[in-house]
Amino acid sequence: MQLIRFCMVAIALSLSGQVKAMSDEALFKHAKLAYSNKNAQALADDVNQLKNQQYLLAPYADYWLMLLKLEQLRDEEVQNFLAQYSSMPFSDRLRGEWLKKLAKQKNWQAFFDEQAFFYGDDKAVQCYALLGHLQLKDLDVTAPAKAMWLSSSDLPGACTALFDALQKTGALSDDDIWARMRLALLNGNLALAKNITARLPDVDPAALKGLDRADLAPQLLLEKRTVSFKSRFGVEVNLYALDKLARTKLDEAIAILDKLQGLFDANQRAVAWGRMAYHAARKHDPMTLRYYALAEGAALNEEQLAWKTRAALRAQDWPVVLQSIVAMSPKQADEAAWRYWKARALKETAAKSAEQLALAHALFRKLGSERHYYAWLAAEELDSVMASPALDYQVSEQELSALANHAAIKRAVEFQRIGLRWESKVEWLAATRSFDDKQLLAAAEYAMRQKWYDLAIDTADDTKFTHNFALRYPTPYRDLFRNYAKDSGLDEAWVYGIARQESHFMHFAKSGVGASGLMQIMPTTAKWVAQRIGLVDYSHSMLHDLPTNVAFGTHYMRYALDLLGGQAVMATAGYNAGPSRAKEWLAAEPMEAAIYIESIPYAETRLYVQKVMANAQIYAPRLLPENSSIKIQSLKARLGQIPGRAKFEQQTLALPSAD
């Protein structure tokens with residue numbers, strides 16, 4: 001027994017000696033591993049040693065220990081910790097976890113005292129707060145609770161008690177429950193819809209099989225009328241089946257709705273046509289506006305109204321464009337896209353109305369004072385061509401020195417040094433959130449000098465009144481981009497526009513789907529390019545080589561541009577979503593490229609194309625030689641016109657093969 005004790009003590013002393021012998025970085029990563037393994041004792045030892053070594057990031061290890069011990073800690077201990085580290089980014093996250101603990105204990109006084117200092121967007125904490133007020137009877141929470149309830153997404157379990165209490169009092173009605181069930185189904189969240197039906201007394205659990213059939217074989221269910229229309233649940237199942245079918249077989253769904261629409265009441269019929277119209281708009285069906293007309297009386301959601309507007313734009317039906325934007329909520333209508341298109345619709349329908357034209361110009365003027373894609377298009381409607389912005393603020397060395405001594409910036413730098421980029425970014429964002437414009441530019445300049453191009457760009461982008469566009473739109477690797485753009489016969493500004501959007505010039509960038517490097521090349525695309533250029537010894541690791549990555553990216557840009565008739569807008573869409581999709585989005589008639597972009601079905605690609613083309617417009621004058629006499633074209637001219645499908649096919653047939 002004594003021998004065993006001796007061995008255990010020896011092992012403990014040995015491990016203790018190893019911990020003490022570790023470098024700050026190694027010890028910190030050891031602590032991180034202990035936290036991941038929920039080893040509180042090992043983490044506590046690491047925390048003590050990190051504090052003894054006065055390591056800059058020791059508070060993070062202390063925070064991890066608090067998370068592991070939170071359920072056992074007294075409230076005073078948590079309060080003292082939060083007071084000690086009040087300026088740290090993790091303090092709000094810890095406070096959120098503590099608030100959940102207090103709510104579970106129904107310690108509402110302490111909960112609301114602390115909630116006043118909580119700034120996070122945590123649905124569980126929000127639900128607990130509403131439940132607390134409901135139980136204390138000190139506030140009417142019906143409206144905010146219903147707003148929380150009417151979500152098509154899953155909500156945390158903490159919200160269940162709130163909804164149970166509201167349903168018990170009748171504040172959450174059966175109509176509210178049916179409404180959320182429909183939202184869940186139309187959003188494709190079948191599991192949530194099934195859970196919601198458990199709150200409805202008239203729905204037999206066995207009937208839920210109808211939802212499964214509607215999900216797996218919607219056309220068969222509708223054609224055989226498997227589920228009766230006589231119950232409210234049956235109607236919802238059939239509406240879901242129509243919506244599910246329309247996602248992949250729109251024509252079949254519309255044909256079936258034509259036959260079955262007499263089985264719906266007027267409102268249900270309008271809802272069904274509203275869903276058909278939405279899917280038709282996303283597929284650029286020329287009958288879309290007719291389907292929207294059949295949906296009159298249905299409450300269209302934001303996406304349906306947005307796509308009604310886009311369908312009207314493609315049809316050049318400016319009165320409907322205006323009508324659909326007017327129907328939007330004030331919040332949606334205030335989005336930059338809809339302010340721009342509303343002004344365009346007012347201008348296009350003004351005819352001889354000087355008052356309406358003046359209103360359009362006022363909207364253009366206000367929007368044109370902002371700095372983004374729609375703002376620049378708006379400014380051009382007033383004949384104000386976007387030029388290269390002046391470098392209107394240069395950061396001093398004193399400002400840089402002050403920035404470098406900022407505690408949070410020091411922690412961000414240390415996180416970068418030890419390879420923890422996500423943690424570094426959290427610290428950086430927390431530090432810069434309260435900065436004024438000059439401090440932001442100092443931070444951007446500091447990041448630029450460290451070659452943290454992504455942080456430099458994002459930070460410089462946040463300025464409101466004082467700017468430096470050399471920091472927003474930097475030109476790293478200039479020789480590399482210039483040479484490969486020239487070799488491929490590409491506009492260098494466009495290449496820079498793509499690279500800025502793809503990677504923010506971080507050469508090690510890797511997307512969630514596996515795209516790599518400055519130009520974010522997918523593995524399959526890289527392999528294909530390697531075969532085309534005869535690179536026989538290609539391996540995926542070569543994508544991390546800067547010249548190879550840019551060479552592959554510019555080669556693919558050239559290929560897409562040739563394949564798509566020299567249309568840079570379509571080629572940009574093709575770079576993101578694939579050239580075949582860019583072709584699918586053509587219309588029978590020609591249209592301005594801004595409308596083509598606006599009606600791209602994928603939100604990610606739509607935003608991507610807007611940003612790339614705006615990037616290129618800003619880069620173009622900056623890349624010109626000094627004292628160049630070349631006139632800057634407008635953004636609208638850069639976007640150009642997209643030909644109709646027939647003309648596009650003629651043009652591309654006349655071009656040399658892209659191969």
Are the ring centres of Tyr278 and Trp273 closer than 6.0 Å?
no

Are Trp494 and Tyr619 close enough that some pair of their side-chain heavy atoms sits under 4.5 Å apart?
no

His504 versus Asp458, side-chain donor and acceptor atoms under 3.5 Å
yes

Taking Glu427 for its side chain and Ser424 for its backbone only, find out whether a donor-acceptor pair lies under 3.5 Å.
no

Donor-acceptor under 3.5 Å (Lys283 side chain, Arg247 main chain):
yes

Sidechain-backbone polar pair: Arg275 side chain, Asp243 backbone, donor-acceptor under 3.5 Å:
no

For Ser599, is there any backbone N or O sitting under 3.5 Å from a side-chain donor or acceptor partner on His284?
yes

For residues Tyr602 and Trp585, establish whether the separation of their ring centroids is below 6.0 Å.
yes

Kindly indicate whether a cation-pi arrangement holds for Arg500 with Phe505, taking the cut-offs as under 6.0 Å to the six-membered ring centre and within 45° of the axis.
no

Would you say that Leu471 contacts Asp461 through its side chain, given a criterion of any heavy-atom pair below 4.5 Å between the two side chains?
no

Exceeds 12 heavy-atom contacts within 6.0 angstrom, atom CD of Gln332
yes

State, with a plain yes or no, whether a side-chain heavy atom of Gln316 is found less than 4.5 Å away from one of Ile595.
yes

Thr463 and Arg472: CA distance, side-chain angles, deciding distance, side-chain hydrogen bond (donor to acceptor under 3.5 Å, both in side chains) verdict
CA-CA 10 Å; Thr463 57; Arg472 283 194 186 192; 3.0 Å; yes

Quick one: does any side-chain atom of Thr459 pair with a main-chain N or O of Ala456 as donor and acceptor, under 3.5 Å?
no

Check this for me: does any side-chain nitrogen of one of Glu335 and Lys342 sit under 4.0 Å from a carboxylate oxygen of the other?
no

Expected output: side-chain Asn483 to main-chain Asp479 donor-acceptor under 3.5 Å:
yes

Parallel, tilted or perpendicular, as decided by the 30° and 60° cut-offs, for the rings of His372 and Tyr374:
perpendicular

Regarding Thr349 and Gln356, do their side chains bring together a donor and an acceptor under 3.5 Å, going by distance alone?
yes

Side chain of Asp317, backbone of Ala312: donor and acceptor closer than 3.5 Å?
no

Donor-acceptor contact present, side-chain Asp334 to main-chain Pro330, <3.5 Å:
no

Less than 6.0 angstrom from the centroid, inside 45 degrees of the normal: does Arg344 satisfy that with respect to the ring of Trp341?
no

After noting the C-alpha distance and the side-chain angles of Ser401 and Gln398, does the key distance pass the side-chain hydrogen bond (donor to acceptor under 3.5 Å, both in side chains) rule?
CA-CA 5 Å; Ser401 179; Gln398 291 86 349; over 6 Å; no

For the side chain of Glu592 and the backbone of Gly640, is there at least one donor-acceptor N/O pair under 3.5 Å apart?
no

Any donor-acceptor pair under 3.5 Å linking the side chain of Glu492 with the backbone of Ala485?
no

What distance do Leu607 atom CG and Ile600 atom CD1 have between them, rounded to the nearest 0.5 Å?
10.0 Å

Pair Asp121-Gln126, side-chain donor/acceptor within less than 3.5 Å:
yes

Does CZ belonging to Arg290 count more than 12 external heavy atoms closer than 6.0 Å?
no

Given the rule in the side-chain contact (heavy atoms from CB on, under 4.5 Å) test, do Leu639 and Tyr373 qualify, once you have shown the distances and angles that lead to the verdict?
CA-CA 11 Å; Leu639 300 179; Tyr373 168 82; 3.8 Å; yes

Has Glu296 got more than 12 heavy atoms of other residues, nucleotides or ligands less than 6.0 Å from its CD?
no

Reported CG-to-NZ distance for the pair Leu403 and Lys438, which is rounded to 0.5 angstrom:
15.0 Å

Could you check, using the six-membered ring where one of them is a Trp, whether His406 and Phe435 have ring centers closer than 6.0 angstrom?
yes

Once you measure the plane-to-plane angle for Phe481 and Tyr496, does it fall in the parallel (<30°), tilted (30-60°) or perpendicular (>60°) bin?
tilted

With a 4.0 Å cut-off on N to O distance, would you call Arg638 and Asp491 a salt bridge?
yes

Once you round to the nearest 0.5 Å, how far does CG of Asp285 lie from CG of Leu250?
5.5 Å

